[in-house]
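Down below is the structure, laid out as C-alpha cells.
Just follow the structure's listing: the first ligand is 1, and inside any ligand the first atom is 1.
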Amino acid sequence: MNIILLGPPGAGKGTQARRLVESRDMVQLSTGDMLRAARMSGTELGDKVAAIMDAGGLVTDEIVIGLIEEQLTTTTAPGGFIFDGFPRTLAQADALGNLLERTGQRLDRVIAMEVDDEALVQRITARSTCAGCGEVYNDLTKPIPADGKCENCGGDSFKRRADDNEESLKKRLLEYYKKTSPLIGYYYAKGLLSTVNGLGSIDEVADAIAAALDDG
Ligand code: AMP
C-alpha cells in the first residue's frame, strides 16, 4: 500500500509515519529528512537548499522530484511507501503519479491530517528530536524522559530544527496554504482522500489513520 500523509507543518506527519513503519513494515520517504541529510553531509545540493529551508520556503520541484525518483527506483518496500512532506505542489503530485505508473505502482490512499493553526504553532515551537534515531518529543505533550535518555534508542542528544522558529513557521504555513492545500481537492477528486483529526493523542491519531487505511 502506497500512501501520502498530507498536512501543514506540525500536523504530526513524521510521528505517524514512524508508527506506520513499525506497525506495517512500510518505508518512510520524507523529502525534508532527505534534504536535512544532504545539508548535514555538506553536499552541493545541501548547500543549495540551506537558505531556502531555514527561511521556510519550498525548494524547487525539480530537486525534490529527483530525490523521490531516486528512492522509488532503488528502494524496495514490502509494505509500501509513506510519502511524508511530499508532494507539496500540484506539479509534484503530477510527477508522483507519473513516477508510480512508470515503476508499476499506484497510490492507494491520501491521509489529510487536520490541525488548527494555533495548535501548530504551539507544537512546532515546543518540538525536539533525538539526534540518534529521530524520535520526536514535545515539551508540552511528550517531554524528553526525566533520565534524559531517548525512550526509543537510549541516546542522550536532542536537537531542535533550525526552521522551528516563529518567523520561519509563518512562511511555512503560508507556503502550505498557497501551494500544498490545493492537493486536498486534487486527491479528493481522484477518490483517494481520507481526512483525520490530527488534534488527538498520538495513539488516537494512529487509530484514525489505521481505520482510514483498512476501511478505505
Ligand atoms: P519538512 O521536514 O517536511 O517540514 O521539510 C522541511 C523543509 O524542507 C521545508 O520547509 C522545505 O523548505 C523543504 N522541503 C521538504 N519537502 C519539500 C517538498 N516536497 N517540496 C519543496 N520543499 C520541500
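Within the 4.0 Å heavy-atom criterion, the part of Arg161 lying near ligand 1 is the side chain and not the backbone. Only the side chain of Gln92 comes within 4.0 Å of ligand 1, counting heavy atoms alone; its backbone N, CA, C and O stay farther away. Contacts between Leu58 and ligand 1, counted as non-hydrogen atom pairs separated by less than 4.0 Å, involve both the backbone and the side chain.
The pair Arg18-Asp84 does not meet the salt-bridge criterion, since no charged nitrogen lies less than 4.0 angstrom from a carboxylate oxygen. A salt bridge is defined here as a Lys NZ or Arg NE, NH1 or NH2 lying under 4.0 Å from an Asp or Glu carboxylate O, and Asp163 with Arg161 meets this definition. Ion pairing between Asp164 and Arg172 holds under the 4.0 Å rule for side-chain N and carboxylate O.
In terms of protein heavy-atom proximity, atom 16 (N) of ligand 1 is nearest to Thr31 OG1, 2.8 Å. Scanning all protein heavy atoms for the shortest distance to atom 22 (N) of ligand 1 gives Val59 N, 3.2 Å. Remark: minimum distance from atom 12 (O) of ligand 1 to any protein heavy atom is reached at Gly57 O, 2.5 Å.
Considering backbone and side-chain N/O atoms, Gly85 comes within less than 3.5 Å of an N/O atom of ligand 1. For Ile52, no nitrogen or oxygen atom sits less than 3.5 Å from a nitrogen or oxygen atom of ligand 1, counting backbone and side chain alike. The shortest N/O to N/O separation between Asp84 and ligand 1 does not fall below 3.5 Å. No N or O atom of Leu35 sits closer than 3.5 Å to an N or O atom of ligand 1.
Checked by atom type and distance alone, the side chain of Arg88 never pairs as donor or acceptor with a backbone atom of Lys179 at under 3.5 Å. For the pair Glu175 (side chain) and Leu58 (backbone), a donor-acceptor distance under 3.5 Å is present.
Residue pairs meeting the ring-ring contact (aromatic ring centres under 6.0 Å, His included) criterion with at least one member in residues 91-125, sequence neighbours excluded, do not occur.
Taking hydrophobic clusters as Ile, Leu, Val, Met, Phe, Trp and Tyr residues chained together by side-chain heavy-atom distances below 4.5 Å, Ile202 does not share a cluster with Leu120.
Selection from Glu175, Met53, Arg88 by nearest heavy atom to atom 23 (C) of ligand 1 gives Arg88.
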N/O donor-acceptor pairs under 3.5 Å from side chains in residues 29-39, not counting sequence neighbours:
| residue | atom | partner | partner atom | Å |
| --- | --- | --- | --- | --- |
| Ser30 | OG | Gly32 | N | 3.4 |
| Ser30 | OG | Asp33 | N | 2.9 |
| Thr31 | OG1 | Gly85 | O | 3.1 |
| Asp33 | OD1 | Arg36 | NH2 | 2.8 |
| Arg39 | NH1 | Asp54 | OD1 | 3.0 |
| Arg39 | NH2 | Asp54 | OD1 | 3.4 |
| Arg39 | NH2 | Asp54 | OD2 | 3.1 |

